[in-house]
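Presented below is the structure to which this report refers.
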Amino acid sequence: QEQLRGLVLRMMNVWMAAETAYVYGMLPEESFTTIFTDVDAVFGRYPSMRQLFRNSLDNYPGWNTTDVYGYMDKQLKSQGF
């Protein structure tokens with residue numbers, strides 16, 4: 001369980017790094033928008049990890065003010081998490 005939690009936080013950090021790079025002009029919009037596809041793919045392919053993503057977002061409520069984490073929050077809520 002702890003290894004999965006670490007994996008979830010690592011994925012979230014990668015997604016946030018991409019958003020930060022986009023905000024500062026270091027990543028093109030086309031690359032940035034693929035993050036949302038990646039989030040959907042991870043939630044679809046590994047549905048049992050959705051609760052871990054929800055727990056991580058709930059532990060850091062300020063995170064969902066970003067585009068990526070806000071999108072994750074919306075998707076998780078629509079899926080009952």
Side-chain angles (χ1 to χ4, degrees):
Q1 183 78 6
E2 196 59 30
Q3 288 178 331
L4 286 176
R5 185 168 123 57
L7 178 62
V8 163
L9 290 174
R10 186 173 304 137
M11 282 190 276
M12 291 175 70
N13 284 331
V14 167
W15 292 330
M16 181 48 52
E19 180 169 337
T20 301
Y22 171 71
V23 166
Y24 287 99
M26 297 181 288
L27 187 70
E29 184 174 358
E30 297 80 19
S31 298
F32 173 64
T33 58
T34 63
I35 295 168
F36 304 106
T37 304
D38 195 36
V39 168
D40 291 336
V42 168
F43 288 176
R45 185 170 175 121
Y46 306 105
S48 61
M49 293 177 66
R50 291 178 294 183
Q51 186 60 56
L52 294 171
F53 281 100
R54 168 51 58 207
N55 293 346
S56 295
L57 286 174
D58 288 347
N59 285 336
Y60 305 98
W63 283 7
N64 67 6
T65 61
T66 67
D67 290 342
V68 173
Y69 294 158
Y71 180 79
M72 289 173 55
D73 184 55
K74 179 180 153 194
Q75 292 301 95
L76 289 168
K77 284 178 180 172
S78 75
Q79 298 169 16
F81 289 92

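Atom set for the values below is all heavy atoms of this structure, side chains included, hydrogens, waters and symmetry mates excluded. In this text the structure is predicted, and so the values were computed from the model without any measurement.
- Atom CD1 of I35 and atom CD of E19 lie 7.0 Å apart (nearest 0.5 Å).
- Shown here for F36 and V68, the closest heavy-atom pair between the two residues is CE2-CA, 4.0 Å.
- The residue from Q51, M49, Q3 that alone fulfils the side-chain contact (heavy atoms from CB on, under 4.5 Å) condition with V8 is M49.
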Intermediate values then yes/no, side-chain contact (heavy atoms from CB on, under 4.5 Å), L4 and Y46
CA-CA 11 Å; L4 286 176; Y46 306 105; over 6 Å; no
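- Applying the salt bridge (Lys or Arg N to Asp or Glu O under 4.0 Å) definition to pairs two or more places apart or across chains, those involving residues 39-63 are R54-D58, R54-D73.
- The two residues Y69 and M12 make their nearest non-hydrogen contact at OH-O, 2.6 Å.
- Ring to ring, F81 and F53 are not that close: their centroids are 6.0 angstrom or more apart.
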Name every donor-acceptor pair, under 3.5 Å, that has one atom in a side chain of residues 22-30 and the other anywhere in the protein, sequence neighbours excluded.
none

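- The hydrophobic cluster containing V14 does not contain M72, counting ILVMFWY residues as joined when their side-chain heavy atoms lie under 4.5 angstrom apart, directly or transitively.
- Residue pairs meeting the salt bridge (Lys or Arg N to Asp or Glu O under 4.0 Å) criterion with at least one partner in residues 1-18, sequence neighbours excluded, are E2-R5.
- By the ring pair (Phe, Tyr, Trp, His ring centres under 6.0 Å) test, Y60 is found to be paired with W63, residues two or more places apart in sequence or in another chain being considered.
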